[in-house]
Amino acid sequence: MAHVTQKSKVLFDRALRVMIEGGSSPSRGPANYGAYPLFIARGEGACVYDVDGNRYVDWMMAYGALPLGHAHSRVVKAVSEGVTAGTLFAAATEIEVEVAEIIQQMVPGAERVRFANTGTEAAMAAVRLARGYTGKSKFIKFEGHYHGWYDDFLVNSHPQPIASIGHRNDPVRIADSSGLNRHALDDTIVVPWNDLRAVERAIESHRGEIAAVITEGIMANMGVIPPAPGYLQGLRELTRNNNILLILDETVTGFRIARGGCQEHYNVGADILTFAKALGAGLPVAAFAGRGEIMEALAWGGVLHYGTQNASRVGMLAARASLNELCRDDGVAFRHLWRIGEALRAGLQRVFKETGTPAIAQGVGPMLQILFTDRSAICDFRDFCGYVDRPRYQKLALELFRHGVYMSPSPALHSVSSLAHTDEHVAFTLEAVRSVLTHGQF
Ligand code: PMP
């Protein structure tokens, strides 16, 4: 059947007359989607439907915000019933306490919890908290890691030509945006990831000045890059021995990799943790949490963190329904996320081999990305910039739309499994990939 997307095209033309690039984020515009993006009308389980009525098996899942899939009945029920009692009070509510208690139980080291709305806000607050608590201003941020669009983080987060990023001992700092506060990056130290020696060197060069190291547990914004064995524990030791706080950004990995995220899976023991995406089951809910003694610095606004929408009633209702579902029956949900993610990854590897495609499917459990490369693994930002053929991936993802499969067309973003995905969705996707690779120019 022909893949007709005429209504999306008409909507995009209309959108261009009122919004820059026709939308609210450059990732949803022509940079990733080519001529025009698909306009999505509804989602159900593992699938989304565009305005022309085409169905897609969705592996993007709202950038990972939907661990239960689209319109899960418990989330729908919780939100639709709950909303009749009011959407927001910006006052103390019992549901806020309850969700904080659930997080405290699920996540090791979450002694105290504070709610925010987005991953950006949570990471921004975490760094301010670390600075306020330690009285130091610098922090280490890794190449290729993304922690949101706060000025102080916006350096070396985008893929770049390998020739422009310099030597790994002295990375060339490339700001990700114009318009930053002129001094925003003065206290941001950029270091290659998966390399403990590089962190040691940075600590030596800035002795006594570093408040925190912030890291993703699994790199999720350069495809998917797992930590080298022992790396996160090594970071924990190095930071502890040097009186530096460790901030673990679990925006992507939280409530997905395990009940307690990377913190539990890799046994890290971070000081401050940040969460967003999967926490709100599609509503804007984020949180940061950590050691009570550190979180205490927020008291009386000593380290300021405000927000009209923090712990919104609707968001909390969605979060409670989703977290309870994820915790049901001794973690069967997490086992499902892993099983489906690994089945898709193994299947893709098979298809690449059979079709002679120079690509790998790299990931951890529920997260994976297709990387066109002749390497057997991509281990850091430098590998990603130097050895991954990004336009080729984008071409594949755009072709897959025609075959009813929705993966993010951004080569840097990844696919995730959800509770709604089944073996049939995996088989359907593999067939689509096989067909595109067999008939297209790859
Ligand atoms: N941290 C990480 C690791 C992320 O991947 C993202 C978003 N992709 C963020 C923070 C920012 O989250 P948000 O888009 O909710 O602001």
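None of these values were measured; they are calculated from a predicted model. Computed from heavy atoms alone, side chains included, the values below leave out hydrogens, waters and symmetry copies. Remember, it's 1-based here, ligands and their atoms both numbered in the order they're listed.
Within a 4.0 Å radius of atom 16 (O) of ligand 1, the protein has at least one heavy atom.
Salt-bridge annotation for Lys138 and Asp186: absent, with no side-chain N of the basic residue lying under 4.0 Å from a carboxylate O of the acidic one. Between Arg74 and Glu325, at least one side-chain N (NZ, or NE/NH1/NH2) sits under 4.0 Å from a carboxylate O, which counts as a salt bridge.
No N or O atom of His147 sits closer than 3.5 Å to an N or O atom of ligand 1. Remark: ligand 1 and Thr120 share an N or O pair separated by less than 3.5 Å (distance only, no angle test). An N or O contact shorter than 3.5 Å links Gly119 to ligand 1 by distance.
Between Ile203 and Ile140 the shortest side-chain heavy-atom distance falls below 4.5 Å. Residues Phe384 and Met219 fail the side-chain proximity criterion, which asks for heavy atoms closer than 4.5 Å. Contact annotation: the side chain of Cys47 never approaches that of Asp58 to less than 4.5 Å [non-hydrogen atoms, C-beta and beyond].
Protein heavy atom nearest atom 3 (C) of ligand 1, with residue, atom name and distance: Tyr146 O, 3.2 Å. What sits closest to atom 9 (C) of ligand 1 on the protein, heavy atoms only, is Thr251 CG2, 3.7 Å. Closest to atom 5 (O) of ligand 1, if we only count protein heavy atoms, is Asn221 ND2, 3.0 Å. When hydrogens are left out, the protein atom nearest atom 1 (N) of ligand 1 is Asp249 OD2, 2.7 Å; that is the closest non-hydrogen contact. Protein heavy atom at the shortest distance from atom 7 (C) of ligand 1 is Lys277 NZ, 3.4 Å.
In this structure, the side chain of Glu216 engages the main chain of Ala220 through a donor-acceptor pair within 3.5 Å.
Heavy-atom proximity to Glu216, at under 4.0 Å, picks out these atoms of ligand 1: 3 (C). Within ligand 1, the atoms closer than 4.0 Å to a non-hydrogen atom of Thr118 are 15 (O), 16 (O), numbered from 1 in the order shown.
Within the 4.0 Å heavy-atom cutoff, Glu250 does not count among the residues contacting ligand 1.
Taking the six-membered ring wherever Trp is involved, the centroid distance between the rings of Phe288 and Phe275 does not fall below 6.0 Å. Ring pair Tyr406/Tyr49: centre-to-centre distance not below 6.0 Å.
Ring geometry, Trp338 versus His265: the interplanar angle falls from 30° to 60°, so the pair is classed tilted.
Only the side chain of Val252 comes within contact range of ligand 1, with a heavy atom under 4.0 Å; no backbone atom does.
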